[in-house]
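Step one of this worksheet: look at the structure below.
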Amino acid sequence: MSLKNVNTVLATVCALFVLYLGLSFILAPEASTQGVGLPTWPAGDGDGFLIMKGTREFSMGLVIGILLLTGHRRALGWVLLMEAVAPFGDMINVLAHHGPLAAAFGIHGLTSALIAITGLLTLRETSKAHKATAPAPAAQPA
């Protein structure tokens with residue numbers, strides 16, 4: 001299996017997972033908070049914030065999907081690297097609120113690392129393709 005095929009599968013899994021997370025937080029915000037690592041449900045009407053999180057996640061999944069479908073692989077690599085920041089921030093949030101280390105590192109940290117690795121692999125793939133298609137330098141007159 002080529003690096004491009006592996007990257008396509010990984011990016012597709014990322015897109016589908018992020019779309020699923022987004023829809024979960026939009027459609028069932030209270031149920032979606034179970035297991036994310038935050039110790040308590042927000043006081044008052046906190047589901048509005050969770051729906052905002054869901055909208056963020058869903059839009060991030062759409063961006064990955066659109067770049068996959070349109071074949072903009074170099075942009076896909078950069079976007080994946082950028083999107084790895086969100087679960088990293090979630091990890092910091094869980095740690096700051098004294099949530100379980102397993103959730104912070106095992107859910108959010110691992111997700112961030114996997115998305116970043118997929119982005120780096122995609123950039124590596126596109127870097128090789130870019131070098132292979134680069135035109136030869138023109139001859140200099142003497």
Side-chain angles (χ1 to χ4, degrees), residues 1-140:
M1 188 180 272
S2 72
L3 181 58
K4 183 176 180 178
N5 290 342
V6 170
N7 292 341
T8 299
V9 168
L10 290 172
T12 301
V13 168
C14 286
L16 292 174
F17 181 68
V18 174
L19 287 168
Y20 166 76
L21 282 177
L23 283 176
S24 296
F25 276 96
I26 291 168
L27 299 175
E30 192 168 342
S32 298
T33 61
Q34 304 300 320
V36 297
L38 293 175
T40 59
W41 175 258
D45 189 19
D47 61 341
F49 290 101
L50 297 172
I51 293 170
M52 282 182 12
K53 176 182 172 36
T55 304
R56 174 195 79 167
E57 299 283 348
F58 190 77
S59 65
M60 289 170 44
L62 288 175
V63 170
I64 296 170
I66 288 168
L67 291 173
L68 271 168
L69 290 173
T70 59
H72 292 89
R73 299 197 60 88
R74 189 138 183 90
L76 174 63
W78 285 111
V79 164
L80 286 166
L81 280 178
M82 179 274 308
E83 289 193 7
V85 173
F88 183 81
D90 293 342
M91 177 186 74
I92 299 301
N93 187 29
V94 170
L95 292 171
H97 289 90
H98 310 291
L101 293 178
F105 294 112
I107 296 170
H108 306 293
L110 184 60
T111 300
S112 178
L114 291 174
I115 293 172
I117 289 168
T118 303
L120 289 171
L121 287 172
T122 303
L123 288 173
R124 182 170 182 242
E125 163 212 324
T126 59
S127 174
K128 288 181 177 182
H130 182 70
K131 288 178 185 174
T133 60
Q140 297 290 344

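Nearest heavy-atom pair across Pro100 and Gly37 is CD-O, 3.1 Å. Residues Met60 and Ala86 come closest through the heavy atom pair CE-CB, 3.7 Å. Contact detail for Leu123 and Leu81: the closest heavy-atom pair is CD1-CD1, 3.4 Å. Across all non-hydrogen atoms, the minimal contact from Gly65 to Ala15 is N-CB, 4.1 Å. Closest of all the heavy-atom pairs between Thr118 and Cys14 is OG1-SG, 4.3 Å. Gly119 and Leu80 make their closest contact through CA-CB, 3.6 Å (heavy atoms, listed as atom of the first residue, atom of the second, distance).
Taking OG1 from Thr111 and CZ from Phe105, the interatomic distance works out to 13.5 Å, rounded to the nearest 0.5 Å. If you take CG on Leu3 and CZ on Arg124, they are separated by 6.5 Å, rounding to the nearest 0.5 Å. Between Leu110 atom CG and Ile115 atom CD1 the span is 10.0 Å, to the nearest 0.5 Å. The structure places CG of Leu69 at 8.5 Å from OG1 of Thr12, a figure rounded to the nearest 0.5 Å. In this structure, OG1 in Thr70 is found 8.5 Å from CG in Leu76, a value given to the nearest 0.5 Å. Here the OG atom belonging to Ser24 is positioned 10.0 Å from the CD atom belonging to Glu57, to the nearest 0.5 angstrom.
Remark: of the listed residues Leu19, Val63, Leu21, Leu19 is the sole one forming a side-chain contact (heavy atoms from CB on, under 4.5 Å) with Phe58.
No donor-acceptor pair under 3.5 Å is formed between the side chain of Ser112 and the backbone N or O of His108. Remark: the backbone N or O of Lys4 is paired with a side-chain donor or acceptor of Arg73 at under 3.5 angstrom.
For Ala113, there are no side chain to side chain contact (heavy atoms under 4.5 Å, CB included) partners two or more places apart in sequence or in a different chain.
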Evaluate the side-chain contact (heavy atoms from CB on, under 4.5 Å) criterion for residues Leu101 and Leu95: first the C-alpha distance (whole Å), next the side-chain angles of each, then the deciding distance (0.1 Å), finally the verdict. CA-CA 7 Å; Leu101 293 178; Leu95 292 171; 3.4 Å; yes
Go through the steps for Asp90 and Lys53 under the test side-chain contact (heavy atoms from CB on, under 4.5 Å), then give the verdict. CA-CA 11 Å; Asp90 293 342; Lys53 176 182 172 36; 3.3 Å; yes
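Side-chain contact check for Val36 versus Val94: every heavy-atom pair is 4.5 Å or farther apart. Residues Thr122 and Thr8 form no side-chain contact, since every pair of their non-hydrogen atoms from C-beta on lies 4.5 Å or further apart.
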